[in-house]
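To find a chain, count down the sequence lines: A is the first, B the second, and so on, and within it residues start at 1.
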Number of protein chains: 2
Amino acid sequence: MTEVPWLDDEEQRAWRAVMTMQDDLAEFLDRQMRNRDGLSKADYEVLVHLSEAPGGRLRSFRLGELLRWEKSRLSQHLGRMENRGLVIRERSLADQRGADVTISRRGTDLITAAAPRHVADVRAAFFDHLTAAELQTITTIAAKVKEGLAKLQP
Amino acid sequence: MTEVPWLDDEEQRAWRAVMTMQDDLAEFLDRQMRNRDGLSKADYEVLVHLSEAPGGRLRSFRLGELLRWEKSRLSQHLGRMENRGLVIRERSLADQRGADVTISRRGTDLITAAAPRHVADVRAAFFDHLTAAELQTITTIAAKVKEGLAKLQP
DNA sequence: CGCCACTGGTTCACACGTCAACCAAAGGTA
DNA sequence: TACCTTTGGTTGACGTGTGAACCAGTGGCG
């Protein structure tokens with residue numbers, strides 16, 4: 001492998017700043033929802049997708065695609081959510097292998113209450129600090145980085 | 001609470017892009033180190049701080065401050081790292097409550113091998129895609145967001 | 001000195017994530 | 001039809017993270 005130059009001071013600062021922004025932002029939003037609404041970020045995303053689906057129902061593997069989750073993760077998490085009464089799982093009639101997941105009444109109530117508060121948090125913690133130009137720039141960066149990663153892991 | 005406007009399309013896109021950049025970047029770097037060097041991101045950070053400390057040794061609670069980790073997390077993780085022979089823990093002589101953590105020979109070898117490869121990954125996945133202006137902008141954003149979060153959670 | 005709050009750590013219980021092994025239904029293909 | 005692979009999910013083992021309870025040593029303070 002060819003020699004790779006170490007990060008210089010400015011790069012160090014930039015890298016640390018971006019990483020801690022990530023961590024702090026994620027932790028803040030997760031903690032808010034957890035304490036205030038009793039939902040983890042994972043719970044929230046599951047409920048968002050279900051509540052947006054027709055009938056509040058999705059095939060399990062379809063939900064996995066939307067979330068980009070491994071199947072075992074999905075299975076375990078849905079199990080816990082089912083125990084808490086947030087979703088209902090049942091074997092699919094069309095394909096006896098598969099499972100249909102439906103959001104419960106309780107799940108609907110929770111996501112309905114949590115969503116606007118979450119949006120408010122996202123605004124307060126992120127968008128409110130950004131100019132239009134900065135928003136544009138960071139979106140561009142995110143797209144480029146994501147594209148670059150896709151090439152790195154084929 | 002006052003009514004908070006929902007995210008518009010552009011904000012939605014920006015938010016999703018930034019969040020997935022975070023996730024993909026973190027996952028890529030973690031997986032690289034795990035598969036190639038046998039270290040998790042958490043292991044790596046512990047070893048970095050220890051290897052930079054005089055004598056490769058730190059008081060446990062000092063290490064916790066540097067990492068911004070909860071004490072139980074630190075205790076559990078150091079326990080696992082000690083079992084793997086990466087660090088050594090011993091009661092501090094100065095304060096019988098506390099513990100000194102020292103990086104082992106094996107830990108030193110691993111971090112020495114892993115660090116340059118990690119830096120190369122960071123470059124390939126992040127810095128190589130950014131112009132100087134973009135680097136400047138994202139650093140500014142990170143600082144502002146971090147500052148804003150500090151105010152939100154006193 | 002004797003009490004008592006604080007500090008530094010560990011431990012327990014639990015939520016969450018990955019990987020590998022496993023299983024049953026579905027869907028080719030000979 | 002019988003076989004064989006693929007697909008959709010579950011399970012078990014383990015590493016990782018949080019919060020609460022606990023515990024011993026430290027350091028005031030009357």
Side-chain donor-acceptor pair present, B:D109, B:T112, cut-off under 3.5 Å: no
Quick test of your reading: applying salt bridge (Lys or Arg N to Asp or Glu O under 4.0 Å), list the pairs with at least one residue in residues 50-66 of chain B, sequence neighbours left out, ordered by first then second residue. B:R57-B:E90, B:R57-B:D100, B:R59-B:D100, B:R62-B:E65
Rounded to the nearest angstrom, tell me the gap between atom CG in B:D30 and atom P in C:dC19. 10 Å
Taking only nitrogen or oxygen atoms into account, show me every contact under 3.5 Å that the protein makes with nucleotides 1-4 of chain C, one pair per line with its distance.
none

Result for 5'-nearest mapping on DNA chain D, choosing between A:N35 and B:R84, is B:R84
If I compare all heavy atoms of A:L39 with all of A:A114, which pair ends up nearest, and what's the gap? CD1-CB, 4.0 Å
Output one line per pair: protein atom, nucleotide atom from nucleotides 13-15 of chain C, and distance, for all N/O pairs under 3.5 Å.
none

So the ring pair (Phe, Tyr, Trp, His ring centres under 6.0 Å) pairs with at least one residue in residues 70-116 of chain A (sequence neighbours excluded) are A:W69-A:H77
Okay, side chain of B:H129, backbone of B:A124: is any donor-acceptor separation there less than 3.5 Å? yes
Non-neighbouring partners of A:R73 that pass salt bridge (Lys or Arg N to Asp or Glu O under 4.0 Å), sequence neighbours left out: none
Tell me the interatomic distance from A:L78, atom CG, to C:dG17, atom C1', rounded to whole angstroms. 14 Å
Contacts of type salt bridge (Lys or Arg N to Asp or Glu O under 4.0 Å), residue B:K146, not counting sequence neighbours: none
If we ignore hydrogens and angles and just use 3.5 Å, is the side chain of B:S104 paired with the main-chain N or O of B:G85 as donor and acceptor? yes
Would you say the side chain of B:I138 lies within less than 4.5 Å of the side chain of A:T137, judging by non-hydrogen atoms? no
Give B:R31 one of three labels, base, sugar-phosphate or nothing, depending on what nucleic acid heavy atoms sit under 4.0 Å from its own. sugar-phosphate
Taking only residues two or more places apart in sequence or in another chain, which ones pass side chain to side chain donor-acceptor pair (under 3.5 Å) with A:D128? none
B:D23 CG - C:dT18 P separation (whole Å): 11 Å
Tell me whether B:L66 is reachable from B:V87 by hopping between hydrophobic residues (I, L, V, M, F, W, Y) whose side-chain heavy atoms are closer than 4.5 Å. yes
Sorted by number, residues from residues 95-104 of chain B placing a heavy atom under 4.0 Å from DNA chain D are B:D95, B:Q96, B:R97
If you look only at pairs with a residue in residues 22-66 of chain B, which of them pass as a ring pair (Phe, Tyr, Trp, His ring centres under 6.0 Å), with sequence neighbours excluded? B:Y44-B:H118
Between A:D23 and A:T20, do the side chains contain a donor N or O and an acceptor N or O under 3.5 Å apart? no
Are the side chains of A:M33 and A:D43 in contact, using a 4.5 Å heavy-atom criterion? no
Positions of residues 43-72 of chain B (non-hydrogen atom under 4.0 Å from DNA chain D), listed by number: B:E70, B:S72
d(CE, A:M81; C1', C:dG17) in whole Å: 16 Å
Pairing residues for A:R16 by the salt bridge (Lys or Arg N to Asp or Glu O under 4.0 Å) criterion, not counting sequence neighbours: none
Mind checking which nucleotides bracket the chain A contacts on DNA chain D, 5' to 3', with an atom under 4.0 Å from a heavy atom? D:dT7 to D:dG19
Over all atoms of both residues, closest heavy-atom pair of A:A14 and B:T139: CB-OG1, 3.4 Å
With heavy atoms under 4.0 Å as the rule, sort B:R89 into base, sugar-phosphate or nothing. sugar-phosphate
